[in-house]
Amino acid sequence: MAARLRIDCTPGERSRRVLVETPDGILIPMAFDPYTPYGPLVESTVRFVTWNVWGRYGDEWEARQVGIEDALIEAAPDVVCVVEAWRQDDVAQTSRIAQRLGLPHHRFVGDWQQDDWLSGAGFISRWPMSEPVSRPLHAKDGSGHGQAVHVVVDGGRGSIQLFIAMLDYPLDASALRQAQVKELAAFIQEVTTNRDPIVVCGDFNAAPESDEIRMLTGASTTAAPGLVFYDAWEVAGDGSPGHTWSNRNPLAAAGLYPDRRFDYILSAWPRRGGVGHPTHCRLLGVRPSDQLQLSDHYGVIADLRY
């Protein structure tokens with residue numbers, strides 16, 4: 001006779017015990033309740049934004065900068081991750097955004113020279129952050145130009161392990177991106193534990209059905225044992241494809257790529273109380289094609305249980 005699941009309920013009360021009854025009649029308490037596997041769900045949330053903001057490219061970059069700031073003010077995020085951010089001399093895009101949003105903490109990492117400015121990645125946060133730690137993401141043969149950056153956000157309800165990831169862009173580079181995802185996963189496991197929520201934002205240059213993204217979302221063999229993420233758009237988007245690289249956007253259409261969802265907010269699963277579970281996700285910076293485009297990518301907003 002196989003073991004049986006047994007639920008003992010107290011009459012008139014909501015409490016219950018979940019027990020496994022062995023073939024010889026011994027009752028063993030289960031380690032979790034399958035009806036509430038995460039325990040009581042956390043109802044409060046933290047709002048993240050990720051956005052590839054296209055640096056200072058184009059003649060209208062200053063107008064784009066103002067538009068990006070205005071869009072972020074309306075979004076009211078707690079934490080912002082920006083890819084292809086800029087710094088010129090002592091002025092960084094992250095500091096300008098932080099000042100407009102009234103968020104006191106910001107970091108910029110990057111040394112890719114572009115004319116008279118540097119391109120990189122950055123964080124803007126409501127809460128203090130640790131100094132960034134950067135890790136190149138390469139294939140085994142050393143090829144590729146990907147990068148991951150990690151900070152610890154000292155959030156109001158506990159630490160958040162936060163990463164920005166940037167993977168190589170060519171359409172034919174899936175094998176390289178898969179190698180970079182494995183490097184990213186190793187980096188995450190090296191510097192974090194399962195105790196804290198882990199959030200990975202950035203421009204992965206890969207569609208949700210690609211092998212490299214499926215390695216992160218549990219749709220295929222994971223990039224590292226036990227490491228799997230919610231995709232905020234998949235869980236809490238509006239059911240549309242959610243393309244962040246869209247030919248509706250003239251800045252993207254010039255690249256002659258198909259419409260793709262390249263940009264992600266990923267949060268590690270599972271966590272007690274459902275921490276990290278996405279409750280809402282939408283695009284940011286979508287404008288009619290005859291208006292000034294803020295970037296060649298649309299941004300992503302997600303609310304995560306926290």
Side-chain angles (χ1 to χ4, degrees), residues 47-54 68 71-72 75 77 79-85 121 137 146-148 162-178 180-181 184-185 198-220 222-223 227-269 276-289 293-304:
R47 175 163 291 182
F48 283 88
V49 165
T50 188
W51 202 347
N52 181 322
V53 290
W54 205 48
I68 288 167
L72 288 171
V79 181
V80 180
C81 298
V82 284
V83 175
E84 292 190 23
L137 302 176
Q147 186 180 22
L162 179 60
F163 296 80
I164 291 177
M166 299 157 283
L167 308 188
D168 276 66
Y169 69 88
L171 286 176
D172 64 349
S174 178
L176 171 57
R177 287 190 291 271
Q178 290 176 59
Q180 291 174 327
V181 163
L184 171 64
I198 302 171
V199 179
V200 183
C201 298
D203 177 5
F204 287 75
N205 284 301
E209 65 272 14
S210 66
D211 290 336
E212 48 268 41
I213 299 300
R214 294 171 68 243
M215 292 164 65
L216 291 168
T217 59
S220 69
T222 56
L227 186 66
V228 67
F229 295 87
Y230 292 117
D231 169 1
W233 187 267
E234 179 183 32
V235 174
D238 63 9
S240 71
H243 296 139
T244 58
W245 181 273
S246 170
N247 285 287
R248 294 180 298 165
N249 180 339
L251 296 179
L256 302 182
Y257 272 31
D259 291 344
R260 293 280 169 89
R261 181 155 66 89
F262 281 162
D263 304 84
Y264 296 84
I265 297 176
L266 305 172
S267 51
W269 172 93
H277 174 253
T279 62
H280 174 74
C281 190
R282 66 178 177 88
L283 297 181
L284 178 66
V286 179
R287 289 185 165 190
S289 60
Q293 301 300 305
L294 303 181
S295 173
D296 55 348
H297 290 242
Y298 299 140
V300 181
I301 302 175
D303 295 336
L304 310 178

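These numbers come from the heavy atoms of this one structure, side chains and all, not from hydrogens, waters or symmetry mates.
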_Less than 4.0 angstrom from a charged side-chain N to a carboxylate O is my criterion; do Arg261 and Asp231 meet it?_
yes

*Where is the tightest heavy-atom contact between Gln180 and Gly146, given as atom of each residue plus distance?*
NE2-N, 3.2 Å

*List the atom of Ala165, the atom of Leu184, and the distance in Å for their closest heavy-atom pair.*
CB-CD2, 4.0 Å

*After noting the C-alpha distance and the side-chain angles of Ile198 and Phe163, does the key distance pass the side-chain contact (heavy atoms from CB on, under 4.5 Å) rule?*
CA-CA 8 Å; Ile198 302 171; Phe163 296 80; 3.9 Å; yes

*Parallel, tilted or perpendicular: which fits the ring planes of His297 and Phe262, with parallel below 30° and perpendicular above 60°?*
tilted

_Listed partners of Arg214 passing salt bridge (charged side-chain N to carboxylate O under 4.0 Å, His left out), at least two apart_ = Asp211

*asked:* Quick check: do Trp51 and Val300 have side-chain heavy atoms less than 4.5 Å from each other?
replied: no

*What are the two closest heavy atoms between Tyr230 and Gly276, and how far apart are they?*
CD1-O, 3.8 Å

*asked:* Using 0.5 Å steps for rounding, measure from the CZ atom of Arg47 to the SG atom of Cys281.
replied: 10.5 Å

_Minimum side-chain heavy-atom gap Tyr264-Thr50 below 4.5 Å_ = no

*Decide yes or no for Asn249 and Tyr298: does some side-chain heavy atom of the first lie under 4.5 Å from some side-chain heavy atom of the second?*
yes

_Rounded distance (nearest 0.5 Å) linking atom CE of Met166 with atom CG of Asn205_ = 11.0 Å

_How long is the straight-line distance from CH2 of Trp269 back to CG of Leu227, given to the nearest 0.5 Å?_
11.5 Å

*Has the side chain of Thr244 got a donor or acceptor atom that lies under 3.5 Å from a matching backbone atom of Asp263?*
yes

*Under 3.5 Å, is there a donor-acceptor pair linking the side chains of Glu212 and Ser174?*
yes

*Just by modelled atom types, is the His243 backbone N or O under 3.5 Å from a matching donor or acceptor in the Ser246 side chain?*
no

*Side-chain contact test, heavy atoms from C-beta onward, threshold under 4.5 Å: evaluate it for Leu216 versus Thr222 and give yes or no.*
no

*Is there side-chain contact between Trp233 and Asp238, with at least one heavy-atom pair below 4.5 Å?*
yes

*Audit row: Asp296, Asn52, side-chain contact (heavy atoms from CB on, under 4.5 Å) steps and yes/no*: CA-CA 8 Å; Asp296 55 348; Asn52 181 322; 4.1 Å; yes

*Any chance you could measure Arg287, atom CZ, to Arg248, atom CZ, to the nearest 0.5 Å?*
14.0 Å

*What distance do Ser289 atom OG and Asn247 atom CG have between them, rounded to the nearest 0.5 Å?*
11.0 Å

*What do the steps show when you test Leu294 against Trp54 for side-chain contact (heavy atoms from CB on, under 4.5 Å), and what is the final call?*
CA-CA 8 Å; Leu294 303 181; Trp54 205 48; over 6 Å; no

*Could you list the residues that satisfy salt bridge (charged side-chain N to carboxylate O under 4.0 Å, His left out) with Asp168, not counting sequence neighbours?*
none

*Minimum heavy-atom separation for Leu171 to Pro258, with atom names?*
CD1-CD, 4.3 Å

*Going from CG on Leu72 to CG on Leu284, what distance comes out if it is rounded to the nearest 0.5 angstrom?*
6.0 Å

*Within the distance-only criterion (no hydrogens, no angle test), does the side chain of Arg177 pair as donor or acceptor with the backbone N or O of Ser210 below 3.5 angstrom?*
no

*For Tyr257, does the OH atom sit with more than 12 other heavy atoms under 6.0 Å from it, leaving out its own atoms?*
yes

*Answer whether the closest heavy-atom distance between the side chains of Val83 and Ile164 falls below 4.5 Å.*
yes

*Tell me, with the steps shown, if Val49 and Val79 meet side-chain contact (heavy atoms from CB on, under 4.5 Å).*
CA-CA 6 Å; Val49 165; Val79 181; over 6 Å; no

*Does some side-chain heavy atom of His277 sit less than 4.5 Å from a side-chain heavy atom of Thr279?*
yes

*Would a 4.5 Å heavy-atom cut-off, applied to side chains only, mark Leu167 and Asp203 as touching?*
no

_Nearest atoms (heavy-atom pairs only) where Phe48 meets Cys201_ = CD2-SG, 4.5 Å

